[in-house]
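This report refers to the structure that appears directly beneath it.
Start at 1 and go down the list; that is how both ligands and their atoms are numbered. We use all heavy atoms of the structure for the numbers below, so side chains are in, but hydrogens, waters and symmetry mates are not.
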Amino acid sequence: MRISVIGCGYLGAVHAAAMASIGHEVVGVDVDVKKIDMLSRGEAPFFEPGLQEILTEGIASGRLSFTSDLAAASGAQVHFIGVGTPQQKEGSAADLTYVDAAIDGLRPFLRAGDVVAGKSTVPVGTAARLAERIAPTGATLVWNPEFLREGWAVQDTVDPDRLVAGIPAGAAGERAASILRAVYHPAVAKDTPFIVTDYATAELVKVAANAFLATKISFINAMAEIAEVTGADVTQLADAIGHDVRIGRRFLGAGIGFGGGCLPKDIRAFAARAEELGRGESVSFLREVDAINLRRRERAVQLTVDALGGSVFTKRITVLGAAFKPHSDDVRDSPALDVAVRLHGLGASVTITDPAAIPNARRLHPHLNYVTDRDDALRDADAVLLVTEWDEYRRELSPEHAATLTTGRVAIDGRNGWDAAAWRAAGWAYYGMGRP
Ligand code: NAD
């Protein structure tokens, strides 16, 4: 099938390459010429495991190409929209200007029978509005939200745990759904749940999923706050409640909270949209979820200040991790980087290391100190903070080895990823989140 993918960021570039990897002929389109140049040369513009391989294969096969010219979308049967929907500069609602621009730009190249498949995360009601805009072309809009996890994006795109298609009522909608089934043929052949619904449900599925995940994280972080004033251990609490299959242990890791280009802006946009719909109170808890989440960053900073005797001024602090999570170089709203910036603001001499995210972090905060090699970063530190659970820091860094490099013996475990007993046994003053 001939496919276009409009917007080649974390979602779109992976989607384009993954669609080529399952046999489609794909053109990726983006307004960012630098990104397009890199992709055209077969270079992944960001770190995502497995992307480089399918990009190289796709380009070599001749099935995958990239351009900044939207006219190249002409002739494709399915057009995926994967442009950004960031938080508005003023306010917490989603900024839909990129989605609107992509649809308007694509309109002249649409033919009757084409399918436009929206993948960007949008406020409920957007698809119905966009469908009206493309109606005169005879193309059909489906809303096909994306659930990929950065770090597992290639696998999640090729082999998703479910597919959702929001379609309009009538024959054109049914036809579009069957075209989408053909696009995702390997997943459909494996009986991956393929849920066909209306536009509003499809849009809500995505934001509801992210709202639930964010709530689960903030729930356990709220328990961490209570643990901190009672002497309880939130990690044991999480283990114990997680054995209940109705609750489950996943996403119950207390720490410095969630970040990235999705969860924070998606819960804010959802709350803003609910208010527009006169149902603000239905999801007002999301404001609390957000507030709990942001408080944890401050908690990690305070823990560090306390551990270093009441001030971090001129103290050498090594921050392990800059990306918002491991296996990614994404630093958008990264709690790790936020903690580092705050400590720097308090006068600490902060050194940040990360296996993949240093270039992105440096672009955002050029005044901070970055060191690529983990051991070099640890050398002479007064305190060490674990803020992103890369294996290099969480599993592969032994407290004994760390102690050969640092001056101080203060370990702040912002992800509760280290074995507290092992670090203490090696002579460290260990501080976890929500742990005694
Ligand atoms: P991103 O910022 O990495 O990529 C967006 C891309 O769109 C950029 O490369 C930008 O240049 C391009 N763009 C903007 N306007 C354009 C236009 N008019 N024509 C062509 N290209 C244009 O963002 P992302 O993380 O890929 O997210 C994209 C969307 O997917 C968002 O709505 C996001 O919420 C959603 N989403 C993201 C993820 C994720 O893990 N990143 C997962 C699920 C859903």
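- Contact atoms of ligand 1 toward Ala102: 18 (N) (distance under 4.0 Å to a heavy atom of the residue).
- Every atom of ligand 1 is numbered from 1 in the order shown, and the set under 4.0 Å from a heavy atom of Lys35 is 8 (C), 9 (O).
- Interface atoms of ligand 1 facing Thr85, defined by a heavy-atom separation under 4.0 Å, are 31 (C), 32 (O), 34 (O).
- Listed by number with element, the atoms of ligand 1 under 4.0 angstrom from any heavy atom of Ile6 are 19 (N), 20 (C).
- In this pair, Phe80 and His15 present their aromatic rings perpendicular. The plane angle is above 60°, beyond the 30 to 60° band.
- Proximity of Gly105 to ligand 1 is not established, as no heavy-atom distance is less than 4.0 Å.
- Remark: Arg374 fails to qualify as a cation-pi partner of Tyr393 under the 6.0 Å distance and 45° angle criteria applied to the six-membered ring.
- Each of the following atoms of ligand 1 lies closer than 4.0 Å to a heavy atom of Asp32: 11 (O).
- Residue-level proximity to ligand 1 for Pro145 is absent, since no heavy atom of it falls below 4.0 angstrom.
- The shell of residues lying under 4.0 angstrom from ligand 1, judged by heavy atoms, excludes Gly261.
- Between Leu397 and Glu392 there is no side-chain heavy-atom pair separated by less than 4.5 Å.
- Residue contacts with ligand 1 include Lys206, since one or more of its heavy atoms lies under 4.0 Å from the ligand.
- At a threshold of 4.5 Å between non-hydrogen side-chain atoms, the residues Phe270 and Lys265 do not count as touching.
- When only non-hydrogen protein atoms are considered, atom 27 (O) of ligand 1 lies nearest to Leu11 CB, 4.3 Å.
- Distances between N or O atoms of Lys119 and those of ligand 1 include no value under 3.5 Å.
- At a heavy-atom cutoff of 4.0 Å, ligand 1 is contacted by no atom of Leu70, backbone or side chain.
- Ranking the protein heavy atoms by distance from atom 7 (O) of ligand 1 puts Val83 CA, 3.5 Å first.
- In terms of heavy atoms, Thr304 sits closest to Ile317 at CG2-CD1, 3.9 Å.
- Of the protein's heavy atoms, Asp30 OD2, 3.6 Å lies nearest to atom 6 (C) of ligand 1.
- Between His344 and His367, the ring centre distance stays below 6.0 Å.
- Protein heavy atom at the shortest distance from atom 23 (O) of ligand 1 is Arg332 NH1, 3.4 Å.
- Using a 4.5 Å heavy-atom cutoff, the side chains of Arg181 and Val196 are in contact.
- Between atom CE of residue Met223 and atom CG of residue Leu252 there is a gap of 10.5 Å, rounded to the nearest 0.5 Å.
- Residues Val289 and Asn293 fail the side-chain proximity criterion, which asks for heavy atoms closer than 4.5 Å.
- For the residue pair Thr351/Asn369, the side-chain donor-acceptor check at 3.5 Å is satisfied.
- Counting protein heavy atoms only, atom 17 (C) of ligand 1 is closest to Val31 CG1, 3.7 Å.
- Within the listing of ligand 1, atoms 1 (P), 3 (O), 4 (O), 6 (C), 9 (O), 26 (O) sit less than 4.0 angstrom from a heavy atom of Gly9.
- In this structure, the protein non-hydrogen atom closest to atom 34 (O) of ligand 1 is Lys265 NZ, 2.5 Å.
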